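This structure is a prediction, so every number in the text was calculated from the model and none was measured. Basis for what follows: all heavy atoms, side chains included, without hydrogens, waters or symmetry-related copies. Numbered from 1 within each chain, the chains take letters A, B, ... in sequence-line order.
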There are 2 protein chains.
Amino acid sequence: MSAPVRLLLADDEHLIRGALAALLSLEVDLMVVAEAASGPEALAMARAHAPDVAVLDLQMPGADGVKVATSLRTELPGCRVLIVTGHGRPGHLKRALAAGVRGFVPKTVSAQRLAEIIRTVHAGNRYVDPELAADAISAGDSPLTAREAEVLELAADGAPVAEIAERAALSPGTVRNYLSSAVTKLGAENRHAAVRLARERGWV
Amino acid sequence: MSAPVRLLLADDEHLIRGALAALLSLEVDLMVVAEAASGPEALAMARAHAPDVAVLDLQMPGADGVKVATSLRTELPGCRVLIVTGHGRPGHLKRALAAGVRGFVPKTVSAQRLAEIIRTVHAGNRYVDPELAADAISAGDSPLTAREAEVLELAADGAPVAEIAERAALSPGTVRNYLSSAVTKLGAENRHAAVRLARERGWV
DNA sequence: CGCCGCGCATGACAAATGTCAGCACCGGGC
DNA sequence: GCCCGGTGCTGACATTTGTCATGCGCGGCG
């Protein structure tokens, strides 16, 4: 009989976090040692408590789960990271795995299932939700170059080309070229539909 | 001593729903009699179990919380509706209240607080989260006419004017006029920024 | 080394969009 | 009855986009 798994829970929704903490605490081999409501807070709590497994929500104020995971990877290499997410976009999974995340699950799993997955991750194995994995595979890699993605992101809030050009320190003509090629690659009608598509696939 | 409050829980995230059900069941005067993972399912469960209070997530597949609330209002007038939401936009609150919803809270409240609010709502009172209420008041009413809002919504996915015109059964010129006036009223740079603004304020 | 893809730019042209003026109809309020 | 706002249309015009051809430099790769 080994010591219980020490957990960090990070989610900006108190209701969820509290409920989750209560449920996971029912498992005798799991112990919630810290909670956080934002990215930076999660980092601080992780440093303070050095948990065995960090259960992070993907969307949090301050810094998202993947950013936190990236920081944790260098600061606390022994801490396994498990990401839970409401609406999982394919690209996020890819980014998360690249950041050294050990598990990636949607919030549609049951608490029992989550407890099992926490144990799996703690044991050093990986776990990725099969459905999300299938989505990620079928969505494939982003066909966009770094600049195309950057410009597309700047175009996300509907800014005119001139503003994008200024913010990206590019010539307006270049911006239009990148946007045009991105739109073509994504098979979209125009830049705005392209932004939507790229967002859906998690490429931005 | 009265009978316990019979609850319907609807949320598409099993993890949350299960955790919530467990926590609320700890309260002796609350009893979860039904759960649902989608809008239509929530309606079906409500018909089958006639709960005292329906706790609905705002964003669910099929039909959102407000739509479900609207149907419940006529089908089960005795059932009070409480909406919980992750990211509460001001306009949603307004729509919800218009649909006869008795309570509107963000997921950042604690489970104890939620239990209290459920009792408040069951007693026939209303409860609206103060912060969300303040947002709604400061955001004010939509300055858009019905057509402007309709056209703006059709423009949301980046469709060109011709497509919007076809889908709205309007002339392309008229569509451009409506878009132009909507953009002006919202003080936006262009239609896409206007869509973003209207979305943020919950006006679409 | 030569080739190719990427980054970056320019210029030109067509198409879509934004803006404005004006006209007509209808319905509600004074 | 008259005015006003919402709805719906047209036409004209300036501006913004989208698209294409073309050019140059750079770095990687066979």
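- Between the side chain of A:R147 and the main chain of A:Y178, no donor-acceptor pair closer than 3.5 Å is present.
- A salt bridge links B:K107 and B:D11; the closest N-O separation between the charged side-chain nitrogens and carboxylate oxygens is under 4.0 Å.
- We find that A:D157 and A:R199 are not joined by a salt bridge, their nearest charged nitrogen and carboxylate oxygen being 4.0 Å or further apart.
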Show which side-chain atoms of residues 182-190 of chain A pair as donor or acceptor with protein atoms under 3.5 Å away, not counting sequence neighbours.
{"from": "A:T184", "atom 1": "OG1", "to": "A:S180", "atom 2": "O", "distance (Å)": "2.8"}
{"from": "A:K185", "atom 1": "NZ", "to": "A:P143", "atom 2": "O", "distance (Å)": "3.3"}
{"from": "A:K185", "atom 1": "NZ", "to": "A:E148", "atom 2": "OE1", "distance (Å)": "2.8"}
{"from": "A:K185", "atom 1": "NZ", "to": "A:E148", "atom 2": "OE2", "distance (Å)": "3.1"}
{"from": "A:N190", "atom 1": "OD1", "to": "A:H192", "atom 2": "N", "distance (Å)": "3.0"}
{"from": "A:N190", "atom 1": "OD1", "to": "A:A193", "atom 2": "N", "distance (Å)": "3.0"}
{"from": "A:N190", "atom 1": "ND2", "to": "B:G158", "atom 2": "O", "distance (Å)": "2.5"}

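- A side-chain donor-acceptor contact under 3.5 Å links B:D129 to the backbone of B:L132.
- The pair B:E116-B:R113 meets the salt-bridge criterion, since a charged nitrogen lies less than 4.0 angstrom from a carboxylate oxygen.
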query = Can you give one letter per nucleotide of nucleotides 10-21 of chain D, 5' to 3': B if a protein heavy atom sits under 4.0 Å from the base, S if only from the sugar-phosphate, - if neither?
reply = B-B----BBBBB
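- Residues from residues 143-156 of chain B lying near DNA chain D, meaning a heavy-atom separation below 4.0 Å, are B:T145, B:A146, B:R147 in numerical order.
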Distance-only check: which donor-acceptor pairs under 3.5 Å involve side-chain atoms of residues 32-46 of chain B, not counting sequence neighbours?
{"from": "B:E35", "atom 1": "OE1", "to": "B:R17", "atom 2": "NE", "distance (Å)": "3.0"}
{"from": "B:S38", "atom 1": "OG", "to": "B:E41", "atom 2": "N", "distance (Å)": "3.3"}
{"from": "B:E41", "atom 1": "OE1", "to": "B:A37", "atom 2": "N", "distance (Å)": "3.2"}

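- Put simply, the side chain of B:V81 does not reach to within 4.5 Å of the side chain of B:V68, judged on heavy atoms.
- By the side chain to side chain donor-acceptor pair (under 3.5 Å) test, B:R47 is found to be paired with B:E75, residues two or more places apart in sequence or in another chain being considered.
- Between chain A and DNA chain C, the heavy-atom contact criterion of under 4.0 Å yields a 5' to 3' nucleotide range of C:dG7 to C:dA12.
- Ionic pairing of A:D29 and A:R119 is present here: one or more N-O contacts between side-chain nitrogen and carboxylate oxygen are shorter than 4.0 angstrom.
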